Amino acid sequence: MSKYPAEPYKIKVVEPLKITTKEERKRAMEEAGYNTFLLYTEDVYIDLLTDSGTTAMSDNQWAGMMLGDEAYAGSRNFVNLEKAVQEVYGFKYVVPTHQGRGAENILSQIMIKEGDYIPGNMYFTTTRAHQELNGATFVDVVLDEAHDSTIELPFKGNIDLNKYQELIDRVGADKIPYICLAVTVNMAGGQPVSMQNIKEVKEISEKHGIKVMFDATRCVENAFFIKEREEGYQDKTIADILKIMMSYADGCTMSGKKDCLVNIGGFLALNDEKLYQRATELVVVYEGLLTYGGMAGRDMEAMARGIYEACDYHYIEHRISQIRYLGDKLEAAGVPFVKPVGGHAIFLDAKKFLPHIPQDQFPAQRLAAELFIDSGVRAMERGIVSAGRDKDGNNYYPKLELVRLTIPRRVYTYAHLDVVADSIIELYEKRDQIQGLKMVYEPPVLRFFTARFEPIS
Ligand SMILES: *Cc1c(COP(=O)(O)O)cnc(C)c1O
């Protein structure tokens, strides 16, 4: 068997890519304020900005799109989606939402009181924003190692049980409505959580009457790592592992744009009837009726089908292999990035890549901009800009200052990844010439989306 299995699909439809000159890309980057979120795809060659909603759907999903039942109430596609979530993930109740953050909004509103604490294995931007908007303080209880880009651990996304227990002892369990357990941890580089850790988190939580809510957005990737690395799961299918993982959760938020293999959609799943009741009261205010929640019928059908497709071992094996392929190429050239390679992206370590640029001159932001100018590859910053400011207006200074190269699902080939690797290696060789940035516009929340920068000369 090849170390990098070839695509377990063949190409039926193609989307041409525009090839640009360096001069054109330089101009586009200046116009975008050195923020890759403000570029137009028209100017992008290989788009690794995100794997969110950028998935290529299958012929089976597209066929399902034609079966959209666009009734306002009781769409048959909702019934199919509900059945898929119940069968594959095992939760009782499903509230569809327009995407993951819609589910986060509802969950945060129904569970959080002013002054509560929400522990989690590293923050995620939208998740923490909703927790804070509802008056909670997010507390990071991930393993210390997750903040170090050089330490290799099989399950670097695990919760540090001592940190979790200390928080319970310090603030009291009645101030912790739930723990938010992300499987995998996006911001740590797509690092997985072991089944053992999930079980232990469940035990502690149950003892104190704290609910366990998964951020299940990347649960298929997490299941793959459990199968590969955890004793006792080698012979289980991805579907078996998903079912077992979810059996330790009281509910989950899901961005369908990731592991459900669709371009838009999400849901909140719950086992508790009373919580579900409250969620249905809010979904009509923020999303739509409880049988569509902001999605078209056809989109719910595509998501229902995607949920089953993502359980195919060859799909997820190929996905992870693509990411490893890019990682192996960079490793051979000595480029610093987060180890071990996680489930959805390569994260360049900008502090090590550009050690001469202080963190408040946004080294990762600059590196992402330079990569685009060099080769038309669009990546994004995951460092001080993404981390934002605390309640008192002070910048968070995250330990990790990263550039994320996110691989969309089923979209690019290994040849595209060669282009990406070659460009990064070239930049690494002339890294001394790269300088920092200053921020010239900063929006009040989620600043990384729209902030603008200028080069420091
Ligand atoms: C994408 C993502 C979300 C938010 O989902 P959206 O669909 O973008 O609103 C939440 N958590 C994680 C881990 C994600 O990757």
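All figures in this text were calculated on a predicted structure; none of them were measured in a lab. For the numbers below, each heavy atom of this structure counts, side chains included, while hydrogens, waters and symmetry mates do not. Every number for a ligand or one of its atoms is a count from 1 in the order of the listing.
- The aromatic ring centroids of Tyr72 and Tyr292 lie less than 6.0 Å from each other.
- Atoms of ligand 1 lying under 4.0 Å from any heavy atom of Arg218, numbered from 1 in the order shown and given with element: 15 (O).
- The single protein non-hydrogen atom nearest to atom 10 (C) of ligand 1 is Glu104 OE2, 3.1 Å, given as residue, atom name and distance.
- The contact set between ligand 1 and Lys257, taken as ligand atoms under 4.0 Å from a residue heavy atom, comprises 7 (O).
- Contact record, Ile210 with Ile176: CG1-O, 3.5 Å, taken as the closest heavy-atom pair.
- With Tyr123 as the aromatic partner, Arg128 meets the cation-pi criteria of under 6.0 angstrom to the ring centre and within 45 degrees of the ring axis.
- Annotation for ligand 1: atoms under 4.0 Å from non-hydrogen atoms of Arg101 are 5 (O), 6 (P), 8 (O), 9 (O).
- Under a 4.0 angstrom heavy-atom cut-off, Met187 registers as lying outside contact with ligand 1.
- Using the six-membered ring where Trp is involved, Tyr414 and Tyr4 have ring planes that are tilted, between 30° and 60° apart.
- In terms of polar-atom proximity, defined here as any N/O pair under 3.5 Å, Gln99 does make such a contact with ligand 1.
- A cation-pi arrangement is absent between Lys227 and Phe225 under the rule of less than 6.0 angstrom and at most 45 degrees off the ring axis.
- For ligand 1, the atoms sitting less than 4.0 Å from at least one non-hydrogen atom of Asn186 are 13 (C), 14 (C), 15 (O), numbered in the order shown with element in parentheses.
- The closest protein non-hydrogen atom to atom 3 (C) of ligand 1 is Phe124 CE2, 3.3 Å.
- Remark: minimum distance from atom 4 (C) of ligand 1 to any protein heavy atom is reached at Thr126 OG1, 3.6 Å.
- A cation-pi arrangement is not found for Arg378 relative to Phe37, the charged atom failing to lie both closer than 6.0 Å to the ring centre and inside a 45° cone about the ring normal.
- The cationic atom of Arg447 (NZ for Lys, CZ for Arg) does not lie both less than 6.0 Å from the six-membered ring centre of Tyr396 and within 45° of the ring axis.
- Remark: ligand 1 and Ser255 share an N or O pair separated by less than 3.5 Å (distance only, no angle test).
- Taking atom 1 (C) of ligand 1 as the reference point, the nearest protein heavy-atom neighbour is Lys258 NZ, 1.4 Å.
- In this structure, Asn186 and Thr217 have side chains that are not in contact, with every pair of non-hydrogen atoms separated by 4.5 Å or more.
- The N/O atoms of Asp215, backbone and side chain alike, include one that comes under 3.5 Å of an N/O atom in ligand 1.
- At least one N/O-N/O distance between Gly100 and ligand 1 falls below 3.5 Å.
- With 3.5 Å as the limit, one finds a donor-acceptor pair spanning the side chains of Thr127 and Glu104.
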